[in-house]
Amino acid sequence: MKKMTSQELRKNWIKFYEDRNHVNIGSSSLIGDGTTGVLFNVAGMQPLMPYLLGKKHPLGTRLCNIQGCIRTNDIEEVGDSKHVTFFEMMGSWSLGDYFKEERIKWSYELLTEVFEIPKERLATSVFAGNEDVPRDEESALLREKSGFKKENIYFLPKKDNWWELERGPCGPDSEMFYITDKPACGLNCNPSCDCGHFVEIGNDVFMQYDKVDDNHYLPLNNKNVDTGWGFERILAFLNTNGDVYLTDLFENTIKILEEASQKKYGESEDSTCQMRIIADHIRTSVMLLGDEQHLVPSNVGAGYILRRLIRRAIVQTKKLNISTNVFNEIAINFIDNVYGNVYANLKESKSFILDELNKEVVRFERTLNSGMNDFYKLIKNLVTNGITEISGAQAFKLYDTYGFPIELTQELASEENLNVDLEGFKLKFKEHQEKSRGNDKKIFKGGLAGTSDIEIKYHTATHLLNAALKQIVSKDIHQKGSNINSERLRFDFSCDHKLTDDEKNKVQTLVNQWIKEGHVVKCDEMTKEEAIKSGAECMFLDKYPDIVTVYSIGNFSKELCGGPHVKNTSELGEFTITKEEASSAGVRRIKAILKK
Ligand code: SER
C-alpha cells in the first residue's frame with residue numbers, strides 16, 4: 001500500500017478527479033445553515049442536496065471536494081482506534097453525467113493504482129434488491145469486471161446497501177472494504193459485520209430517487225452518483241495499520257499528551273483511550289469554534305454539542321491526571337500545523353478559538369468542583385442512613401448534571417467504602433441515550449423535510465435586517481453569522497458598540513416599513529465579478545462558485561445568497577427585535593421574531 005501524508009492524500013484525491021474533468025468546489029461550513037434545521041453537515045453530499053434533486057450547478061455536472069463533517073451519534077464510541085466526531089469526507093459527484101460504469105472503474109483505479117491496495121484485500125457490497133428496487137446485478141458485474149474477486153462481492157439488504165437521509169436524494173449504494181488481518185468471525189461473516197475483519201473505505205451511491213416521505217420514493221430525472229470516502233480511514237490504512245490517532249493529523253497532539261501525562265500512547269488501554277478522546281474532542285471543538293459560522297458553547301442545539309465535547313475532554317484530563325492547560329497547545333497545533341492551510345478561517349480566528357475554549361474550561365472546572373461538593377453531601381447522607389450503595393439514578397444524576405463519568409463516581413465511592421449500582425446506572429444511561437437519539441432524529445427529520453415556510457420568511461427578514469442596520473447604524477456593518485430556526489432569526493454582525501434603544505427602534509421600524517411597502521424579492525444569476533461590481537454584499541467570497549445568485553430587494557438590499565426567499569416582503573408579518581447582545585469581540589448579535 002502506498003504510504004502518503006495527509007497533504008498528499010488531499011492532493012491525490014483532487015488531482016484524480018480534476019484529471020477526469022471534475023471541478024473542486026471546496027468545503028462548506030460544518031454547521032447546518034439554519035435554513036435546513038440540521039445541526040451539522042453529516043456527509044459531503046448534504047450541501048449539494050438541491051443539485052442532486054435537479055437544480056443546475058453553476059460549476060457543471062462533475063464535482064469533487066473534501067468536506068469537513070461532524071457526526072456525534074457515536075460519541076460514546078470515541079476512544080477506539082477509528083471513531084472520530086469530526087472527519088473529512090472525500091467526495092465526488094456526477095450530476096446526471098456518468099453513471100455506474102465510470103464510477104466503478106475509477107473506484108478500482110483509486111484503490112489499486114493510487115492507493116496501491118492489493119486486490120486480495122478488497123471486498124465490496126452491492127444492493128440485494130427488495131420489492132421496490134431490483135437487485136443490483138449491474139454493479140456486481142462491473143465490480144468484478146474492474147478487478148474485485150468474485151468471492152469478495154457480497155449482496156446485502158437495504159439496511160446495509162441503501163443510502164438515504166430522512167428526506168431527499170437517495171438510492172442503492174455499493175461500498176468498498178479493506179480486509180484486515182483479523183480473521184473472519186465465522187462462516188457467515190460479511191462486510192456488514194463489525195468484528196473487524198472488514199473495514200469500510202468508501203461508498204459509491206447511485207442516486208436515482210427522492211425520498212418524499214417515510215414510504216414514498218419518486219424517481220429523479222437525473223441519475224446521479226454520490227461518492228464519499230473517509231479521509232481519516234484511508235490515511236490510517238495506508239500508514240498506520242488502521243489507527244487514525246497515529247496518523248500525521250494527530251502526531252503532535254499525542255506527543256503533547258504523552259509528555260504531559262508521562263505515559264506512552266498504546267501502553268495501557270485506559271490512558272490510550274483517554275488520549276484519543278481528548279485529541280478527538282479538542283480537534284472537533286477547534287473546527288467548530290473556527291467554522292465560518294463561529295459556533296460557541298451554549299445549552300441548546302449545536303452549541304450544546306460543542307459544550308459537551310469540551311466538557312468530556314476536560315473530564316478525560318482528570319482521569320489522565322493532567323492539567324487542561326494542554327488544550328491551548330493542542331488547539332494551536334491543529335490551527336498552525338495541521339488545518340490552518342486547509343481551512344482559512346482557522347488562522348483568522350485563532351485568538352477567538354483559544355479564548356472561547358479557555359472560557360469554557362474555566363466555566364466547567366467551576367461546575368466540576370461544585371459537583372464534588374454535592375457528591376460529598378450525598379455520601380454523608382447515605383452513610384448517616386446506613387446505606388452502602390450509590391443508586392443508579394444518583395450516579396446518573398452526577399453524570400448528567402456535572403459530567404461525572406461513572407468511573408470517577410466509582411473511584412470516589414470506593415474511597416468511602418461504598419458501592420455503585422452499575423447495572424442501575426447503565427439502565428438509566430440507556431434510557432437517556434434512546435431519548436436523545438430520538439431527539440436527534442427529530443431534528444434531522446425536521447431539517448431534511450425541506451425548508452419550512454417560516455424559515456424562508458426568516459431568511460428574507462435577515463436580509464432586511466442587514467440592510468436596515470447599514471442604513472441606521474453604520475454602512476460598515478457586515479454579516480458575521482446567521483442562524484435560523486422556526487422560532488426566530490439570529491444575526492451576528494460587526495459593530496463596535498452596543499446598539500442604543502433609539503437605534504434598535506429605528507432599525508425595527510425601517511424593517512417593518514419595508515415589509516409593509518411590499519417589495520418584490522428579485523433573484524439574478526451573474527458572475528462573481530459582476531456581483532461584486534454591482535455592490536452585492538457577500539460574506540465569504542472565495543467560497544462562492546464563479547456563477548452566483550444575487551437576491552435584491554428594492555434598492556436597499558443586494559446580497560449574494562443561495563436562497564430560498566419569499567417572493568414579496570409583504571409576506572413576512574410583523575418584525576420584532578427580541579434581543580441585542582454581544583456575541584464576541586467587535587461582534588453584536590440580534591435575535592428577532594416575525595408575527596402574523
Ligand atoms: N453519502 C454517502 C455517505 O455518506 C456517500 O457520500 O456514505
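For the side chain to side chain donor-acceptor pair (under 3.5 Å) test, no residue two or more places apart in sequence or in another chain qualifies with Thr578. When the side-chain contact (heavy atoms from CB on, under 4.5 Å) test is applied to Leu53, the partners found at least two apart in sequence or on another chain are Pro169, Asp210, Leu220. The salt bridge (charged side-chain N to carboxylate O under 4.0 Å, His left out) test applied to Lys457 returns no partner, not counting sequence neighbours. For the side-chain contact (heavy atoms from CB on, under 4.5 Å) test, residues two or more places apart in sequence or in another chain that qualify with Asp524 are Lys522, Met526, Ser552.
Listed by first then second residue, pairs satisfying salt bridge (Lys or Arg N to Asp or Glu O under 4.0 Å) with a partner in residues 330-344 read Asp336-Lys350, not counting sequence neighbours. Annotation: ring-ring contact (aromatic ring centres under 6.0 Å, His included) contacts involving residues 563-596, sequence neighbours excluded, comprise His459-His565, His463-His565, Tyr551-His565.
A donor-acceptor pair under 3.5 Å is absent between the side-chain atoms of Glu329 and the main chain of Asn325, judged by distance alone. Under a 3.5 Å cut-off, the side chain of Glu455 and the backbone N or O of Arg488 do not form any donor-acceptor pair. Distance alone, capped at 3.5 Å, is enough to place a donor-acceptor pair between the Ser27 side chain and the Gly68 backbone. Panel note: side chain Trp514, backbone Gly554; no donor-acceptor pair is recorded below 3.5 Å. Formation of a donor-acceptor pair under 3.5 Å by the Ser28 side chain with backbone atoms of Pro47 is not found in this model. Using modelled atom types, one side-chain atom of Gln46 and one backbone atom of Val42 make a donor-acceptor pair closer than 3.5 Å. Judged purely by atom type and a 3.5 angstrom limit, Ser92 has no side-chain atom pairing as donor or acceptor with the backbone of Thr227. Judged by distance alone, the side chain of Ser94 and the main-chain N or O of Asp97 form a donor-acceptor pair under 3.5 Å. The backbone N or O of Gly26 sits less than 3.5 Å from a side-chain atom of Asn65, completing a donor-acceptor pair. For the pair Asn222 (side chain) and Asn224 (backbone), a donor-acceptor distance under 3.5 Å is absent.
Side-chain N/O atoms of Glu559 and Asn466 include a donor and acceptor closer than 3.5 Å. In the model, Lys516 has no side-chain atom that pairs as donor or acceptor with a side-chain atom of Asn512 under 3.5 Å. Judged purely by distance below 3.5 Å, without hydrogens or angles, the side chains of Ser570 and Asn568 pair a donor atom with an acceptor atom. A donor atom on one side chain and an acceptor atom on the other are found under 3.5 Å apart for Asp226 and Trp93. Counting only N and O atoms by type, the side chains of Arg490 and Asn485 include no donor and acceptor under 3.5 Å apart. Inspection of the Thr284 and Thr85 side chains reveals an N or O donor paired with an N or O acceptor under 3.5 Å.
For Glu77 and Arg71, the salt-bridge test fails: no basic side-chain N is under 4.0 Å from an acidic carboxylate O. Remark: Glu537 engages Lys470 in a salt bridge, criterion side-chain N to carboxylate O under 4.0 Å. Remark: Glu360 engages Arg363 in a salt bridge, criterion side-chain N to carboxylate O under 4.0 Å. Ion pairing between Glu164 and Lys211 holds under the 4.0 Å rule for side-chain N and carboxylate O.
For the side chain to side chain contact (heavy atoms under 4.5 Å, CB included) test with Phe231, the passing option among Arg10, Met89, Gln67 is Arg10; the others fail. Checked options Leu95, Asn24, Ile25; the residue passing with Leu59 is Ile25 (criterion: side chain to side chain contact (heavy atoms under 4.5 Å, CB included)). Partner His281 forms a side-chain hydrogen bond (donor to acceptor under 3.5 Å, both in side chains) with one of Arg311, Arg308, Arg312, Gln316 and no other, that one being Arg312. Partner of Asp492 under the salt bridge (charged side-chain N to carboxylate O under 4.0 Å, His left out) criterion, out of Lys480, Arg589, Arg588: Arg589 alone. Checked options Ile277, Val78, Ile75; the residue passing with His83 is Val78 (criterion: side chain to side chain contact (heavy atoms under 4.5 Å, CB included)).
The shortest distance between side-chain heavy atoms of Ile278 and Phe327 falls below 4.5 Å. Proximity of Gln508 to Thr576: side-chain heavy atoms (C-beta onward) are separated by under 4.5 Å at one or more points. Under the 4.5 Å side-chain criterion, counting only non-hydrogen atoms from C-beta, Pro58 is in contact with Tyr51. Using a 4.5 Å cut-off on side-chain heavy atoms (C-beta onward), Leu464 and Ile515 make contact. With a 4.5 Å cut-off on side-chain heavy atoms, Arg283 and Ile330 do not count as touching. With contacts defined as side-chain heavy-atom distances shorter than 4.5 Å, the pair Glu581/Lys498 does not qualify. In this structure, Ile310 and Pro297 have side chains that are in contact, with non-hydrogen atoms separated by less than 4.5 Å. The side-chain heavy atoms of Tyr209 and Leu218, taken from C-beta on, include no pair separated by under 4.5 Å.
Note: His432 and Tyr399 fail the aromatic proximity criterion, with ring centroids not under 6.0 Å apart. Taking the six-membered ring where the residue is Trp, the centroids of Phe493 and His478 are separated by 6.0 Å or more. Tyr217 and Trp162 have their aromatic ring centers within a separation under 6.0 angstrom.
Residue-environment remark: NE2 (His497) exceeds the threshold of 12 foreign heavy atoms within 6.0 Å. At most 12 heavy atoms of other shown residues, nucleotides or ligands fall within 6.0 angstrom of atom NZ in Lys397. Within 6.0 Å of CG on Asp400 lie more than 12 heavy atoms contributed by other residues, nucleotides or ligands.
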Step by step, work out the side-chain contact (heavy atoms from CB on, under 4.5 Å) result for Glu88 and Tyr339. CA-CA 11 Å; Glu88 292 177 276; Tyr339 293 106; 3.6 Å; yes
Would Asp280 and Arg276 count as a salt bridge (Lys or Arg N to Asp or Glu O under 4.0 Å) here? Give the steps. CA-CA 6 Å; Asp280 170 77; Arg276 286 170 177 163; over 6 Å; no
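Between Leu346 atom CG and Glu292 atom CD the span is 11.0 Å, to the nearest 0.5 Å.
Classified by interplanar angle (parallel below 30°, tilted 30° to 60°, perpendicular above 60°), the ring pair Phe556/His519 is perpendicular.
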